[in-house]
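Have a look at the structure below before the remarks.
Index from 1, following the sequence. Computed from heavy atoms alone, side chains included, the values below leave out hydrogens, waters and symmetry copies.
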Amino acid sequence: MSDIQVQSEVAAVRRPGRRPWLSPINRRRWQNFCANRRGYWSLWIFLILFVLSLFAEFLANDKPILAYYKGEVLFPVLVDYPEEKFGGFLAVTDYRDPIISEEIEANGWMVWPPIRYSYRTVNNEIPEAAPAKPSWMYTKEERCGRYLQGVDDPACTPGNWNWLGTDDQARDVLSRVIYGFRISVLFGLILTGASALIGVSAGAIQGYFGGWTDLLFQRFIEIWSSIPVLYLILIIAAVLPPGFFILLGIMLLFSWVAFVGVVRAEFLRARNFEYVSAARALGVSNRTIIFRHLLPNAMVATLTFLPFILNGSITTLTSLDFLGFGLPPGSPSLGELLRQGQRNLNAPWLGIAGFLSLSIMLSLLIFIGEAVRDAFDPRKTFK
């Protein structure tokens, strides 16, 4: 063997290997998570539904996704074009108007979303008074009876069907479910993330320093937790104007407390470990010890708690919307859909659509939470 080959083999042995994307312990956690098949598939189903809801405007909208008119490519789903561009005089174009639709089709074409209704679109062609049944429950003659040309009208297509019926204001239920799902999940994620940031920081400070800091913080949390949260939220929501971020701020005042106890217990247990004492002896700052050495260990218990906090945040928003103290009127909300179902017992599709949407979403989150709990449980092993 030549010297060059020997040197190359020695260099290959000495060359440090590529750092794996996951550490061995995180790889074991991911394997435990995947071993829980119900939680694993629930995660994928939830992610697919959530990603699709992020593009709700491309799935359910009363504006075309793409249009070609007189040699110009238009994007109505992204840009609000005035009606005068198509020979009208209004400031906002109603693409569902037969006159506008015929004008565009005569000089180009349009690509519509699968559902040609937004969450606020009123369907004036429903066969009966709102709330109307799902379109597939009518005959073709009944379904197309309100259109100008009846069954021969080009607008009487599956894209204009109300697959889950309409609510009491003739708005499409399926589009409101899609938009309501997005708002509920985004609200829950933002609230859970902000609550975790505040609660974990408070619990870390409280558990690391102990003494009077821990005592005063604990007395404050006991007093703050004894306040009837739901009643106070109802009072504040009734006084302040309704809004997404106003409601988020109100609920954030109380939701962060749920994280403090878990993080505080972990820091109280770990602050006297040998590696923490060694770090103090080496002159490492308290900030570095808290966030670099203790917090990663404390986050194990917190991460198993997150899906259930997210579940509770969505449930609280739905409850407030059901009581009429949540999002502004007209907003797509699963709670508002449930309230309509309670008020219109003759239209069972309203309550069924809201109940199934909410129950499926919460069940998926519960299954994901169980899988996360198994993943971070050191005693949990799968064959």
Self-check item: Atom CZ of Arg37 with >12 non-hydrogen neighbours under 6.0 angstrom
Solution: yes
Quiz item: Under a 4.5 Å cut-off applied to non-hydrogen side-chain atoms, are Asn162 and Leu174 in contact?
Solution: no
Quiz item: Closest heavy-atom contact between Ile289 and Arg280?
Solution: CD1-CG, 3.8 Å
Quiz prompt | Enclosure of Ile99 CD1 (heavy-atom neighbours >12, cutoff 6.0 Å) | solution = no
Quiz item: Atom CD in Glu125, atom SG in Cys156: separation rounded to 0.5 Å?
Solution: 9.5 Å
Quiz item: Counting only N and O atoms by type, is there a donor-acceptor contact under 3.5 Å from the side chain of Tyr119 to the main-chain atoms of Ser333?
Solution: no
Self-check item: Residue pair Ala375 / Asn32: nearest heavy atoms and the distance that separates them
Solution: CA-CB, 3.8 Å
Quiz item: Taking C-beta and beyond as the side chain, do Pro76 and Thr93 meet within less than 4.5 Å on heavy atoms?
Solution: no
Quiz prompt | Candidate pair Gln342 and Phe322, rule side chain to side chain contact (heavy atoms under 4.5 Å, CB included), full reasoning | solution = CA-CA 9 Å; Gln342 182 261 340; Phe322 180 81; 4.3 Å; yes
Self-check item: Student check: side-chain heavy atoms of Ile290 and Phe209 closer than 4.5 Å
Solution: yes
Quiz item: Would Ile100 and Asp94 satisfy side chain to side chain contact (heavy atoms under 4.5 Å, CB included), going step by step from the backbone distance to the final call?
Solution: CA-CA 7 Å; Ile100 299 298; Asp94 182 10; 5.8 Å; no
Quiz item: Are Ile235 and Leu248 joined in one hydrophobic group, where the rule is that I, L, V, M, F, W and Y side chains link up if heavy atoms are under 4.5 Å apart?
Solution: no
Quiz prompt | Arg292 atom CZ: more than 12 heavy-atom contacts under 6.0 Å | solution = no
Practice problem: Tell me, yes or no, whether the heavy-atom count around Glu222 atom CD, taken from other residues, nucleotides or ligands under 6.0 Å, exceeds 12. | Solution: yes
Quiz item: If you measure from CH2 on Trp349 to NZ on Lys133, what distance do you get to the nearest 0.5 Å?
Solution: 7.0 Å
Quiz item: Could you give the distance from CD (Glu57) to CG (Leu78), rounded to the nearest 0.5 Å?
Solution: 9.0 Å
Self-check item: Criterion side chain to side chain contact (heavy atoms under 4.5 Å, CB included) on Asp167 and Leu350, from CA distance to verdict
Solution: CA-CA 7 Å; Asp167 62 5; Leu350 295 175; 4.0 Å; yes
Practice problem: Can you measure from CG (Asp321) to CG (Leu337) and round to the nearest 0.5 angstrom? | Solution: 11.0 Å
Exercise. Using modelled atom types only, decide if a donor and an acceptor are shared between the side chain of Asn344 and the backbone of Ala347 within a distance under 3.5 Å.
Key: no
Quiz item: Checking Ser226 side chain against Ile223 main chain: does a donor-acceptor pair fall under 3.5 Å?
Solution: yes
Quiz item: Short question: side chain of Arg143, backbone of Ser135 - any donor-acceptor pair under 3.5 Å?
Solution: yes
Quiz prompt | Whether Phe220 and Trp256 hold their rings parallel, tilted or perpendicular, with breakpoints at 30° and 60° | solution = parallel
Self-check item: Test: Arg38 cationic atom under 6.0 Å from Phe367 six-membered ring centre, within 45° of axis
Solution: yes
Quiz item: Are any side-chain N or O atoms of Asn107 and backbone N or O atoms of Glu103, one a donor and one an acceptor, separated by less than 3.5 Å?
Solution: yes
Practice problem: Please examine the side chains of Leu310 and Leu306, heavy atoms only from C-beta on, and report whether any two atoms are closer than 4.5 Å. | Solution: no
Self-check item: Phe50 side, atom CZ; Ser184 side, atom OG - distance, nearest 0.5 Å
Solution: 11.0 Å
Quiz item: Are any of the side-chain nitrogens in Glu72 or Lys85 under 4.0 Å away from the carboxylate oxygens of its partner?
Solution: yes
Quiz prompt | Residue pair Asn272 / Val276, side-chain heavy-atom distance below 4.5 Å | solution = no
Quiz item: So, for Met361 and Phe46, which heavy atoms are closest and what is the spacing to 0.1 Å?
Solution: CG-CE1, 4.3 Å
Exercise. Measure from the side-chain N and O atoms of Arg176 to the backbone N and O of Ser331, and report whether any donor-acceptor pair falls under 3.5 Å.
Key: yes
Self-check item: Ile178 vs Ile115 side-chain heavy atoms within contact, under 4.5 Å
Solution: yes
Exercise. Describe, in one word, how the ring planes of Trp30 and Phe33 are oriented to each other, choosing from parallel (under 30°), tilted (30 to 60°) and perpendicular (over 60°).
Key: parallel
Exercise. State plainly whether one hydrophobic cluster holds both Tyr68 and Leu66, where clusters connect Ile, Leu, Val, Met, Phe, Trp and Tyr through side-chain heavy atoms under 4.5 angstrom apart.
Key: yes
Practice problem: Considering non-hydrogen atoms only, spot the tightest contact between Pro131 and Thr166 and give its length. | Solution: CB-O, 3.3 Å
Quiz item: Of the non-hydrogen atoms in Ala371 and Gly39, which two are nearest, and what is the gap between them?
Solution: CB-CA, 3.7 Å
Quiz item: Do Arg96 and Asn160 meet the criterion of a side-chain donor-acceptor pair at a distance under 3.5 Å?
Solution: yes
Quiz item: Side-chain heavy atoms under 4.5 angstrom apart, residues restricted to Ile, Leu, Val, Met, Phe, Trp, Tyr: same cluster for Tyr147 and Met110?
Solution: no
Quiz item: Can you get from Val239 to Ile246 by hopping between Ile, Leu, Val, Met, Phe, Trp and Tyr side chains that sit under 4.5 Å apart?
Solution: no
Quiz item: Does OH in Tyr275 sit with more than 12 non-hydrogen atoms of other residues, nucleotides or ligands closer than 6.0 Å?
Solution: yes
Quiz prompt | Heavy-atom pair with the smallest gap, counting every atom of Gly188 and Ser313 | solution = CA-CB, 4.0 Å
Quiz prompt | Reported CD1-to-CG distance for the pair Ile309 and Leu365, which is rounded to 0.5 angstrom | solution = 12.0 Å
Quiz item: Do Phe187 and Tyr179 share a hydrophobic cluster, counting only Ile, Leu, Val, Met, Phe, Trp and Tyr and linking them when any side-chain heavy atoms are less than 4.5 Å apart?
Solution: no
Practice problem: Would you check if the side chain of Trp163 reaches a backbone N or O of Pro134 as a donor-acceptor pair within less than 3.5 Å? | Solution: no
Self-check item: Within-4.5 Å side-chain heavy-atom neighbours: Leu252 and Ser195
Solution: yes
Quiz prompt | Side chain Thr139, main chain Glu142, donor-acceptor under 3.5 Å | solution = yes
Quiz item: Can a salt bridge be assigned to the pair Arg171 and Glu336 using a cut-off of 4.0 Å between side-chain N and carboxylate O?
Solution: yes
Quiz item: Does CH2 belonging to Trp224 count more than 12 external heavy atoms closer than 6.0 Å?
Solution: yes
Quiz item: Taking Tyr117 as the fixed residue, which of Asp62, Asn123, Asn61, Val122 is the one that meets the side-chain contact (heavy atoms from CB on, under 4.5 Å) rule?
Solution: Asn123
Exercise. Give the C-alpha distance, both sets of side-chain angles, the deciding distance and a yes or no for side chain to side chain contact (heavy atoms under 4.5 Å, CB included) between Phe244 and Ile183.
Key: CA-CA 9 Å; Phe244 182 89; Ile183 287 182; 4.3 Å; yes
Quiz item: Are Ser285 and Thr288 close enough that a side-chain donor and a side-chain acceptor fall under 3.5 Å?
Solution: yes
Quiz prompt | pair Arg343-Asp168: side-chain heavy atoms closer than 4.5 Å | solution = no
